[in-house]
Amino acid sequence: MTTTESKPTSSSPTLFGPVPSQPSFRELEAGVLERWQQEGIFERTQERREGQPEFVFYEGPPTANGRPALHHVLARSFKDLFPRYKVMQGYHVTRKGGWDTHGLPVEISVEKKLGLQGRNHGASRAELEEFNRLCRTSVWETIQEWNTFTERLGYWVDLSDPYITYQNRYVESVWNLLKRLHAQGLVAQDYKVVPLSPRISTTLSKAELGEVDSYRMVDDPSVYVRFPVIWDTLPERAHAALSALGGEDRQGLALVVWTTTPWTLPSNTLAAVNADLTYVVARGAEGGPIIVAADAVERLSGLHKGAAPLEVLASFPGRDLEGVEYEPPFPEVAVELGVLKELHERNADGRPVMHFVTLADFVSAADGSGVAHEAPAYGAEDLELARQYGVPLMFGVDDRGILQVTGERGKFFKDADRGLVADLKARGLMFHAGTLRHRYPFHDRTGDPILYFAKKGWYIRTASMSGRMLETNEAINWVPPGIKHGRFGNWLEGNVDWAISRERYWGTPLPFWMSEDGDLRVVGSVAELSELAGRDLSELDLHRPYIDDVTFELGGKTYRRVPEVLDVWFDSGSMPYAQWGLLTDETGERALPGFEANKTQFERHFPADFICEAIDQTRGWFYSLHAISTMLYDQPAYKNVICLGHIVDETGAKMSKSKGNVVEPLPLFDRYGADSVRWYMFMASDPGDQKRFSERLVAEAQRSYVNTLWNVYSFFVLYANLDRPGLEDAPAVSERPEMDRWLLARLEETVRDVTASLDAYDARSGGRALERFVGELSNWYVRRNRNRFWGEGGQVDLSAYATLHEALLTVSQLTAPFTPFLAESMYGNLTRGQGAQSVHLTRWPQVRPERLDERLTAEMAAVIKVVDLGRAVRGAHNLKTRQPLASATVRAGTPELQGALRRSQTQIMEELNVKAVTFLEGVTDLVEYSLRPNLPVIGKVYGKALPSVRAALAAADAAAVARAVQAGESFTVEAGGQSFELTPDGVLVDAKAPEGVAAAEDAGFLVAFDTALTRELVQEGLARDLVRGIQEARKAAGFEVQDRIRLSLELSGDAREAAEVWRDFIAGEVLAGELTFGPGEGYAAEVEGGTAHLTRI
RNA sequence: ACGGGAGUAGCUCAGCUGGUUAGAGCGCACGCCUGAUAAGCGUGAGGUCGGCGGUUCAAGUCCGCCCUUCCGUACCA
């Protein structure tokens, strides 16, 4: 393939580079890539638009050490489309690449290499140094693959100067953001419940915890424990609810809580009920009355076999119980652990510190008693609740799973259950003790049960920003729109504080330095740190372990860095700022000295006009970008976002290495071309929907669009190079035939539609408009006008050539953002090097309203309709198109379109191969009519009377109504004594051709054929059969289309006769310079009625 | 389990605010066309619109419940 590279010269024998009918897209794309590279086209698209308005695009950084996969093709196709489009629209687009380089995936891959899985490898400084060194290099192991992939797809992004999250400049900028957040009071240290593998006390990531595999069915205790209510301090509301109880009942009254983890009972700090559930006081055979959910009464009654059912004494909503204090099951623990000075200690405002009833939505009566025991140190929901009520944590079990309190102290948590239950029984606090079979997670490697444990960590107070984030979200255009208030909006609404710290090694170190007494100093730049440390740190690697060496004295206290590193999502969410190395003062208003230019760059590129990633980023990058920008700039970080669905395999299963159904992108590009793969990505489904991928669909994308366009292009070049049309001398558009003006009107509509779609970030609609146009171009314009390109006898149809040339050239521009290689190749050749250096440097076509012609396009649509209908009739009645028929009768739905059909009579005759067309006015006996109500019109008018109208229509004289409708007159129908006057638009007239009549009607159009064959018609049909046979033989013989031949026809019977009658016609059609009858020489082929012999002359 | 998508022909997908006989492409069968030709076009078969119930003159479309599947969050007394 050399079409694009070869520069036509004045001495070139052809005007256009030759275009093979079946190109190798792999070679074509390789050629285009090479030219882009050599001529620096991508760079030129940036230079050329310097000083133009900026269209701001953000590259969401892939994790560098992963491998490029099919979903990256999807995202990168879209990420490429809109910037290309905007550049053609005249915008400047900075397309800075970026890499996400920190975090667990990198650590895990290095751990695997070192065989360190699950071990605490940060133990020594030397180990950590080596580990992080390996992380830093391992990040780039697949970089070459990424670069190849990115280039091959045609994704234009500047990979020469990407932002890299581990670089000092980036890290420092992230520090600066954290300092600003801290200045706003948004950074805090708090507890977070994490899954631990006890004994080794290692926090497990979600990946390590596995999905389902690590859950096992186990038998655990299921115990119902009494928490005696303290009557003296009963809040007013509860007092009122319980007022019905007598003195004796008040004595023994207790909440009954349910738990499957008795080992958490010593750490109990709260009980929880659901405000909206009904609770009751109930009395059983033994012990005092109990408080449980009404819906749990039956279940609890069933626990004690043989005992009388519980008797309900009072009932009230759960919210009445808020604040009720109780005796904890292990009262001495709180004081022993030093959490309370004394049991039932109170805050300054008189409220108890702990051990009271709270309200929580998550409590249900579906299991247990409807009263939940809360040990916030060992459960995420519990912790959240404790936070809400400002209650401190109690750690009865340490992070190695060892019980620290009670008579069971020293035991492993799961082993302590039995003793604790026995203790409670002995003290009369056990309402019931049983077992429950349920799922519980285990750590695969150690085999230990997982311990959920509250560890201290660093937070950003995003929960308090939830409202504001929802407001700034309003300004974002989400594609698909449902995400805005659905997935993303819900996420923002239920937003909790952002846990930004990780007890890991390879990450942005938190810039938090603390003194022994807990004073926090957040450092916002290397310069600041240098000053504090009293030495120049500008050359220091900001990662661990080096950064941990930096300490400083302040006010007589020594400050050391906290050990944690930063959540990688904060890294990537910082890219609008950190990609430019933004450093500012705490307010964000002034750049730090020396960083003014960085701030200018940032301001020019904030917020983004467009970002695009897959849907899982709603909780990832979409969120981190949004949260940080809302907190720091009180506005969204992006204005438009396309949220892509995932790609699954043909059967709907997720693609994964273990299933072996992963599709490699590069071989796909080689087989079908990157353009076809891109086209598939844009067109396969709504971008937000999931795509079931199959290679067949890429092949189909190629056939239906890329190949069709290529065929037309190839057709044009083939004949243009024979005819050498002087395109610049073509007649003005208004002087051209209707057919040409029609095509240009459709082209203009296509420009309009594609532009509108892309402006709305709707790639698919734009693609559809293009596909439709290319289809019409190929299947109507070119097919109808083929002979205008044959330039017989030196006559060149400049109008046809100029029209087709312009259509192809404009399509090359419209398709450029979608299929950049094909577009480039076509454009370069069609302009013969006289146009712009690249199609991607051209200006996007403007709509020329004067060329739009709705009347013309509607009329042509009518002609196409009639031809399609006619062909359908021929098909249905086995009347092959090659056989001429005497006449066709046609009718259009409206008088205007009827006029259009008259004007296009010749076209219709040719397409339908008939000798005459007659035009039918009004209703005809050729078809049978039936009537249907036009429901959208009359439904609203008649409503419940509709069934009667239906009946009336069914009973009416269909032909008579049809006549009225045709004439545009109202008519009356009757049924059951009622009569209805209907307007013509109130009824739909259907027509059906009777058996044996070759006719069809659809949407008001009708086509019927006179099927009687005369001897002449049969002869002509035979002649055309012969022509076709000979044409096929020409091709089989390997002749070129313009070759002239010597032809001998050895025929018998009717065929011989027909050939003699149509001799000149046949000779002309097959370019036979000599035509003889009888035996001959050269290539022989079977044709209708005999044999043809062909020789090239 | 909860939240959000999705479920329409063998496959991939359209079907707007409820309204005409539910459509397209691929695949299949049959046929056509051919100076684009290892292309192109037409016709046909193929559908309980995931299921059940409801609202309505009218439901693929609205409501409720259920099932399947994907994504996310969680694993909770």
Side-chain angles (χ1 to χ4, degrees), chain A residues 21-22 195 209 215 222 257-261 264 271-272 360 362-364 366-375 379-382 438-441 450 452 480 482-483 486-488 490-491 494 614-616 618-619 645-646 648 650 652-654 683-686 688-694 696-697 699-700 703-704 707-708 710-716 718-719 768 778-779 782-783 786-787 789-790 868 871-872 874-876 878-882 932-940 942-950 987-988 990 1027-1028 1031-1032 1034-1035 1040-1042 1069-1071:
Chain A
S21 57
Q22 321 151 35
L209 202 53
Y215 281 81
S222 165
V257 303
W258 177 61
T259 181
T260 54
T261 54
T264 61
F362 61 79
V363 176
S364 82
D367 299 298
S369 63
V371 185
H373 138 69
E374 299 293 314
E381 284 180 326
D382 305 32
H438 69 157
R439 280 160 26 102
Y440 196 86
I450 297 295
Y452 287 92
I483 309 276
R487 185 178 281 241
F488 196 65
N490 292 343
W491 169 254
I615 190 153
D616 49 277
T618 37
R619 265 78 163 165
H646 286 107
V648 295
E650 285 176 276
K654 205 155 93 173
M683 303 300 287
S685 66
D686 257 354
D689 286 349
Q690 192 175 84
K691 284 178 178 54
R692 285 198 180 198
F693 179 85
S694 121
R696 283 188 305 107
L697 298 171
E700 191 183 317
R703 258 203 312 279
S704 66
N707 277 351
T708 307
W710 187 269
N711 262 328
V712 176
Y713 165 56
S714 165
F715 171 87
F716 170 82
L718 177 65
Y719 290 105
R768 283 211 175 130
S778 169
N779 294 325
V782 171
R783 184 161 59 79
R786 264 189 301 240
N787 53 9
F789 294 91
W790 296 344
D868 284 347
R871 281 206 286 253
R874 274 190 174 259
N878 236 337
L879 302 164
K880 58 184 178 182
T881 311
R882 224 178 301 125
R932 274 179 302 137
N934 189 5
L935 291 174
V937 174
I938 66 169
K940 287 183 182 68
Y942 289 96
K944 298 199 179 199
L946 217 50
S948 311
V949 179
R950 259 182 220 277
V987 69
L988 297 160
D990 296 314
V1027 167
R1028 179 184 165 228
Q1031 297 291 23
E1032 235 160 53
R1034 279 182 60 112
K1035 193 173 153 47
E1040 297 294 324
V1041 292
Q1042 69 275 21
E1069 286 293 303
V1070 303
L1071 297 186

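Proteins come first, then strands; the chains are lettered A, B, ... in the order of their sequence lines, and each starts at number 1.
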Contacts of A:A375 meeting side chain to side chain contact (heavy atoms under 4.5 Å, CB included) (sequence neighbours excluded), chain-then-number -> A:T264, A:S267, A:H373, A:Y378
Between A:Y440 and A:Y452 the two heavy atoms that sit nearest each other are OH-CD1, 4.5 Å
**Asked** Looking across every strand, which nucleic acid part, if any, lies under 4.0 Å from A:S714 by heavy atom: base, sugar-phosphate, or nothing?
**Response** nothing
Secondary structure of RNA chain B per the Watson-Crick/G-U criterion (both distances under 3.5 Å; [ ] crossing, | other strand, . unpaired) is (((((((..((((.....[...)))).(((((.......))))).....(((((..]....))))))))))))....
Atom pairs under 3.5 Å, N or O on each side, protein against nucleotides 14-18 of chain B: can you list them with distances?
{"residue": "B:rA14", "atom": "OP1", "partner": "A:D689", "partner atom": "OD2", "Å": "3.3"}

>> Using a 4.0 Å heavy-atom cut-off, does A:V257 contact any base of the nucleic acid, only the sugar-phosphate backbone, or nothing at all?
In response: nothing
Whole-Å distance, A:F693 CZ to B:rC70 P, equals 20 Å
Is the closest side-chain heavy-atom distance between A:W491 and A:T618 below 4.5 Å? no
Base, sugar-phosphate or nothing for A:T264? Non-hydrogen atoms, less than 4.0 Å. nothing
By the 4.0 Å heavy-atom rule, please label A:T260 as base, sugar-phosphate, or nothing. sugar-phosphate
By side chain to side chain contact (heavy atoms under 4.5 Å, CB included), A:N707 pairs with (sequence neighbours left out) A:F25, A:Q702, A:R703
### Distance flag, aromatic centroids of A:Y713 and A:W710, threshold under 6.0 Å
yes
| message | Taking any heavy-atom pair under 4.0 Å as a contact, classify A:V949: base, sugar-phosphate, or nothing. | response | nothing
Sequence neighbours excluded, the answer for side chain to side chain contact (heavy atoms under 4.5 Å, CB included) partners of A:S704 is A:E771
**Asked** So what does A:R619 touch, heavy atoms closer than 4.0 Å: a base, only the sugar-phosphate, or nothing?
**Response** sugar-phosphate
Between A:M683 and A:A272, the residue closer to the 5' end of RNA chain B by nearest nucleotide is A:M683
What does the list of N/O pairs under 3.5 Å between the protein and nucleotides 26-31 of chain B look like, with a distance for each?
{"residue": "B:rC26", "atom": "O4'", "partner": "A:E700", "partner atom": "OE1", "Å": "3.4"}

side-chain hydrogen bond (donor to acceptor under 3.5 Å, both in side chains) filter on A:T259, not counting sequence neighbours, yields A:T261
Distance col, row A:Y719:OH vs A:R786:CZ, nearest 0.5 angstrom, shows 9.0 Å
ask   = How would you label the contact of A:V371 with the nucleic acid (heavy atoms, under 4.0 Å): base, sugar-phosphate, or nothing?
value = nothing
*hbond_proxy A:S778 side chain to B:rA39 base (donor-acceptor, 3.5 Å cutoff)*: no
A:Y440 atom OH is separated from B:rA74 atom P, nearest whole Å, by 16 Å
Residues at least two apart in sequence or cross-chain that pass side chain to side chain contact (heavy atoms under 4.5 Å, CB included) with A:A614, listed by chain then number, are A:D616, A:H646
**Asked** Contact class for A:T708 vs. all strands (heavy atom < 4.0 Å): base, sugar-phosphate, or nothing?
**Response** nothing
